[in-house]
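Note that the coordinates shown come from a computational prediction; the quantities given were computed from them, not determined experimentally. Order of listing sets the numbers, starting from 1, for every ligand and every atom in it.
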Amino acid sequence: MNKILIDLKNINKTYDGQMVLDDLNLYIRENEFLTLLGPSGCGKTTTLRILGGFEMPDTGKVIFDGTDITKLPPNKRQLNTVFQKYALFTHMTIAENIAFGLKIKNKSQSYIDDKIKYALKLVNLDGYEKRMPDSLSGGQQQRIAIARAIVNEPKVLLLDEPLGALDLKLRQDMQYELIRLKNELGITFIYVTHDQEEALTMSDTIVVMNQGYIQQIGTPEKIYNEPENAFVADFIGDSNIISSIMIEDKLVDILGTRFPCVDTGFGCNKPVDVVIRPEDVILSDPGCGKINGVVTHLIFKGVHYEMEVTAAGYEWLVHSTSMFPVGTKVGINVDPFNIQIMNKPASEDEEAVGINE
Ligand SMILES: Nc1ncnc2c1ncn2[C@@H]1O[C@H](COP(=O)(O)OP(=O)(O)OP(=O)(O)O)[C@@H](O)[C@H]1O
Ligand SMILES: [Mg+2]
């Protein structure tokens, strides 16, 4: 496993007396693609700005490769940032924009010309050298901002929602390009998005944040399949989150019916939250499932049908490649290993911390 490159230790940040980051602890390994994921206002950009040196934490430390860089200015850090609001120099051509950092480093003109060509090709904008930023669309400007950061070959690239302005096809192309860059150049990526699908596709590690707290840290598979609390489960894709009672190890009461499950260690007769993904709800003939219900909604989604099934007083969200028309009586089954048990939070904004090992 690669060594730890960046370590954020006990970071606190308030604005006007309001807590924005609350004792944030996070480390990032060399060559890792780590994504900060969470709803608007949860503190993603603030975390990135502290990493980049554009903001000082109230307390806590930023350690880079073993050295405390908390007070080091941005230009002295081996990091490059692509901001949420791309800031191109409007009085310079695209080529001059991309060349800016390299000129400061006194690189030769032929080196710079090669780099500009390479970077423009990479972001699919060959031939745009002489254009001015104002003459580019928002998405094109954002791609220039990425090109400008990449030519500096930083050790770490901080990207704040860099693909937000792009259309779906281009966004997918750029996702692929960014992953390729990471692998080719060995750069460590710290990426910010509020798009869970983007986070799941691109990341080695996902950090789910809410209201200045880290809710869970893990691989995309872990976050998706084993969310640690209802917030994570709800934020990462569609879910059935059902208030239930853990009867004993490997047995849970869901809506008055006992389901075998695989989880242990939750105690006896304890209130828990159960997460069941819509694709894991198995529909059968009525009487052949554990609970009986009736289909109340049906939408064709292309790859699958999305249905709502009312059963035991709960609206179950179901994804299936089989179609059950509205009004069909069905049975509901769930395999034990597709029932994910979570502790109920003690309070609304309780912190649930995972460890990225
Ligand atoms: N300079 C500032 N002064 C005062 N409050 C700020 C400042 N910067 C950020 N905040 C507040 O801190 C909180 C976190 O902001 P931040 O920009 O980190 O959120 P975010 O997760 O990046 O959200 P988004 O997805 O909308 O970009 C917000 O409530 C925001 O209003
Ligand atoms: Mg932001």
Over 60° means perpendicular and under 30° means parallel, so classify the ring planes of [Y] and [X], tilted if in between.
X      : Y      : answer
Phe189 : Phe33  : parallel
Phe300 : Tyr305 : tilted
Tyr314 : Trp316 : perpendicular

Ligand 1 contact on Thr46 by region, counting heavy-atom pairs under 4.0 Å
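For Thr46, backbone and side-chain atoms both sit under 4.0 Å from ligand 1.
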Would you mind telling me if ligand 1 is within reach of the side chain of Glu161, the backbone, both or neither, using heavy atoms under 4.0 Å?
side chain
Numbering as shown, the atoms of ligand 1 that approach Thr45 to under 4.0 Å (heavy-atom distance)
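With Thr45 as reference, the close atoms of ligand 1 come out as 17 (O), 18 (O), 20 (P), 22 (O), 27 (O).
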Contact (N/O only, under 3.5 Å) between [X] and ligand 1:
X     : answer
Gln18 : no
Gly43 : yes
Asp16 : no

[atom] [closest protein heavy-atom partner, distance rounded to 0.1 Å]:
atom                    : result
atom 26 (O) of ligand 1 : Ser40 OG, 2.5 Å
atom 12 (O) of ligand 1 : Val20 CG2, 3.3 Å
atom 27 (O) of ligand 1 : Gln84 NE2, 3.0 Å
atom 11 (C) of ligand 1 : Tyr15 CD1, 3.9 Å

Output yes when [X] and [Y] qualify as a salt bridge under the 4.0 Å nitrogen-oxygen rule, no when they do not.
X      : Y      : value
Lys13  : Asp22  : no
Lys182 : Asp204 : yes
Lys3   : Glu32  : no
Asp113 : Lys117 : no

Is the shortest distance from atom 30 (C) of ligand 1 to a protein heavy atom below 4.0 Å?
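Within 4.0 Å of atom 30 (C) of ligand 1, no protein heavy atoms are found.
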Just to be sure I'm reading this right: ignoring hydrogens, which of Gly212, Gly41, Pro39 gets closest to atom 19 (O) of ligand 1? Compare them by their nearest heavy atoms.
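Nearest option to atom 19 (O) of ligand 1, by heavy atoms: Gly41.
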Which option, Glu55, Met19, Lys44, His194, owns the non-hydrogen atom nearest atom 25 (O) of ligand 1?
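Among Glu55, Met19, Lys44, His194, the closest heavy atom to atom 25 (O) of ligand 1 belongs to Lys44.
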Are Phe259 and Ile241 connected, step by step, through hydrophobic side chains (Ile, Leu, Val, Met, Phe, Trp, Tyr) whose heavy atoms are closer than 4.5 Å?
no
Min heavy-atom dist Gly38 to ligand 1 below 4.0 Å
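Gly38: no contact with ligand 1 (<4.0 Å).
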Indicate whether the side chain of Asn229 and that of Gln215 have a donor and an acceptor atom separated by less than 3.5 Å.
yes
Thr45 N/O/S atom closer than 2.8 Å to the Mg ion (ligand 2)
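Thr45 does place an N, O or S atom closer than 2.8 Å to the Mg ion (ligand 2).
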May I ask you to establish whether Arg171 and Tyr176 are in a cation-pi arrangement, using a distance under 6.0 Å from NZ or CZ to the six-membered ring centre and at most 45° from the ring axis?
no
